[in-house]
Amino acid sequence: MTQEQWDSVDDYFTDLLAPADDALTAALRDSDAAGLPRIAVAPNQGKLLHLLAQIQGARRILEIGTLGGYSTIWLARALPADGRLVTLEYNPAHADVARGNLARAGLDKIVDVRVGAALDSLTVLGAEHAAHPEPFDLVFIDADKANNAHYLRWALELTRPGSLIILDNVVRGGAVTDADSTDPAILGTRSALELIAEHPKLTGTAVQTVGSKGYDGFALARVLA
C-alpha cells in the first residue's frame with residue numbers, strides 16, 4: 001500500500017461519513033493561515049472522537065493539546081447544552097486561533113481554552129477538582145509526547161470509574177517498539193502504555209492505523225472502579 005492509496009481511502013471515508021462543514025473547513029484554513037503545523041487529526045479521526053464522546057455520554061471533556069481547535073470542535077459538538085470542555089494549549093498564538101475557530105463554531109460558551117504548560121494547568125485543575133469534584137468523562141491526550149505518562153497520571157486523578165482516556169500518536173512510525181530508544185517522544189509514549197498495562201485502575205488497548213496522517217495509532221484506556 002502507498003500513501004496515495006491511504007489518502008484515497010481516507011478521502012472516501014471522509015466524504016461519505018464525516019463530510020466537512022463551514023466551521024471545520026474554516027478551522028483548518030485559519031490554522032494554516034496562522035502557520036500552525038498541519039498535525040490536526042484527520043476528519044474521520046475527528047468523527048471517531050465525536051462518536052466516542054457520544055457513546056460515553058460525556059458531559060465533561062478534557063483535551064490536552066488544543067492546536068487550532070479542530071479536534072476540540074469535534075469533541076465539543078458531542079456535548080449536551082450544559083456540557084463543558086476544558087482544553088489545554090501551551091502556545092498563546094495557537095490558543096488565539098483556537099478561540100476564534102471555536103467562537104465561529106458557536107462553541108466558545110462551553111469550551112474553556114487554558115494557556116500555559118499543560119502540567120501547570122493540570123495542577124490548577126487538580127486543585128479545582130479537590131475543592132469541587134467534577135470528574136471528566138473523557139480525556140483526549142494529544143500534546144508533547146515526552147510527558148504522556150505524566151498526562152495519563154493526571155487524567156486518572158481527574159476522572160471517575162468508567163471514564164475513557166484516549167492517547168493519540170502512539171505508534172511513532174513503528175519506533176514505539178524500540179526499547180533502546182533515547183527519543184523523549186518514544187520514551188514518554190512507552191511509559192504511558194506501560195502505565196495502562198500495569199495500573200490496577202486502568203484497562204486498555206492500542207491500535208495501529210494508516211491513512212492521510214501516515215502510519216500511526218492510538219490507545220484507549222477505561223478507568224476501573
Side-chain angles (χ1 to χ4, degrees), residues 13-14 17-34 36-116 118 121-122 124-125 128-129 132 134-143 151-152 154-155 158-160 162-169 213 218 220-223:
F13 288 159
T14 295
L17 301 170
D21 57 35
D22 290 345
L24 290 168
T25 298
L28 293 177
R29 181 198 66 216
D30 285 5
S31 295
D32 283 347
L36 273 62
R38 293 188 173 186
I39 55 174
V41 300
N44 53 340
Q45 295 168 339
K47 183 66 174 289
L48 175 62
L49 292 173
H50 179 83
L51 289 171
L52 288 171
Q54 287 185 321
I55 292 166
Q56 184 69 5
R59 303 183 68 84
R60 284 175 54 81
I61 295 174
L62 172 62
E63 179 183 49
I64 304 174
T66 315
L67 195 62
Y70 183 76
S71 57
T72 320
I73 292 172
W74 278 109
L75 286 166
R77 284 178 169 177
L79 289 169
D82 61 346
R84 189 71 171 164
L85 190 154
V86 177
T87 183
L88 312 181
E89 173 54 47
Y90 175 76
N91 189 310
H94 294 182
D96 285 343
V97 173
R99 289 191 180 102
N101 288 334
L102 291 162
R104 180 173 43 232
L107 297 167
D108 50 316
K109 299 296 189 295
I110 65 171
V111 177
D112 178 9
V113 181
R114 301 196 181 190
V115 181
S121 297
L122 287 164
V124 174
L125 276 175
E128 293 174 1
H129 180 72
H132 303 285
E134 289 186 281
F136 291 100
D137 306 301
L138 184 147
V139 178
F140 178 47
I141 301 172
D142 189 15
Y151 298 149
L152 183 56
W154 268 113
L158 298 169
T159 51
R160 56 167 177 80
S163 290
L164 184 66
I165 302 170
I166 306 162
L167 181 65
D168 204 10
N169 309 125
K213 297 298 179 180
F218 60 90
L220 291 177
R222 189 168 178 84
V223 180

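Counting only distance, with no hydrogens or angles, the side chain of Arg60 and the backbone of Glu134 share a donor-acceptor pair below 3.5 Å. A donor-acceptor pair under 3.5 Å links the side-chain atoms of His50 to the main chain of Trp74, judged by distance alone. No donor-acceptor pair closer than 3.5 Å links the side chain of Thr87 to the backbone N or O of Val113. In this structure, the side chain of Gln56 does not engage the main chain of Ala58 through any donor-acceptor pair within 3.5 Å. Listed for the Asp142 side chain is no donor-acceptor partner under 3.5 Å among the backbone atoms of Gly65. Judged purely by atom type and a 3.5 angstrom limit, Glu89 uses its side chain to pair as donor or acceptor with the backbone of Thr66.
Each of Asn169, Val41, Leu48 was checked for a side-chain contact (heavy atoms from CB on, under 4.5 Å) with Phe218, and the lone residue meeting it is Leu48.
At least one side-chain heavy atom of Ile73 sits under 4.5 Å from a side-chain heavy atom of Leu107. In this structure, the side chains of Val223 and Arg160 stay at 4.5 Å or more apart for every pair of heavy atoms. Contact annotation: the side chain of Val139 never approaches that of Leu158 to less than 4.5 Å [non-hydrogen atoms, C-beta and beyond]. With a 4.5 Å cut-off on side-chain heavy atoms, Ile64 and Phe140 do not count as touching. A 4.5 Å side-chain heavy-atom check between Ser71 and Leu49 finds at least one atom pair inside the cut-off. The shortest distance between side-chain heavy atoms of Leu17 and Asn44 does not fall below 4.5 Å. Side-chain contact check for Val115 versus Ser121: every heavy-atom pair is 4.5 Å or farther apart.
The line from CG of Leu220 to CD1 of Ile166 is 6.0 Å long, rounded to the nearest 0.5 Å. A distance of 9.5 Å separates OG1 of Thr159 from CG of Asp137, quoted to the nearest 0.5 Å. Annotation: the span from Arg222 atom CZ to Leu164 atom CG amounts to 7.0 Å, rounded to 0.5 Å. Atoms CD and CG, on Gln54 and Leu138 in that order, are 11.5 Å from each other to the nearest 0.5 Å. Atoms OH and CG, on Tyr70 and Asp30 in that order, are 13.5 Å from each other to the nearest 0.5 Å. Residue Leu62 holds its CG atom at 4.5 Å from CZ of Phe136, rounded to the nearest 0.5 Å.
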Residues Arg38, Asp32; criterion side chain to side chain contact (heavy atoms under 4.5 Å, CB included); working and verdict: CA-CA 7 Å; Arg38 293 188 173 186; Asp32 283 347; 3.2 Å; yes
After noting the C-alpha distance and the side-chain angles of Val86 and Ile61, does the key distance pass the side chain to side chain contact (heavy atoms under 4.5 Å, CB included) rule? CA-CA 6 Å; Val86 177; Ile61 295 174; over 6 Å; no
Would you check, one step at a time, whether the test salt bridge (Lys or Arg N to Asp or Glu O under 4.0 Å) holds for Asp168 with Lys213? CA-CA 12 Å; Asp168 204 10; Lys213 297 298 179 180; over 6 Å; no
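Remark: Arg104 does not engage Asp22 in a salt bridge, criterion side-chain N to carboxylate O under 4.0 Å. Using a 4.0 Å cut-off between charged nitrogen and carboxylate oxygen, Glu128 and Arg114 count as a salt-bridge pair. Under a 4.0 Å N-O distance rule, the pair Asp112/Arg99 does not qualify as a salt bridge.
Residues meeting the salt bridge (charged side-chain N to carboxylate O under 4.0 Å, His left out) test with Arg84, sequence neighbours left out: none. With sequence neighbours left out, the side chain to side chain donor-acceptor pair (under 3.5 Å) criterion links His129 to no other residue.
The two atoms that bring Ala34 and Val97 nearest to each other are CB-CG2, 3.6 Å, heavy atoms only. Listed here is the closest heavy atom pair of Leu67 and Pro37: CD2-O, 3.8 Å. Residues Leu85 and Ala76 come closest through the heavy atom pair CD1-N, 3.8 Å. When all heavy atoms of Ala40 and Leu28 are compared, the pair lying nearest together is CB-CD2, 4.3 Å. Of all heavy-atom pairs between Pro43 and Ala18, the closest is O-CB, 3.9 Å.
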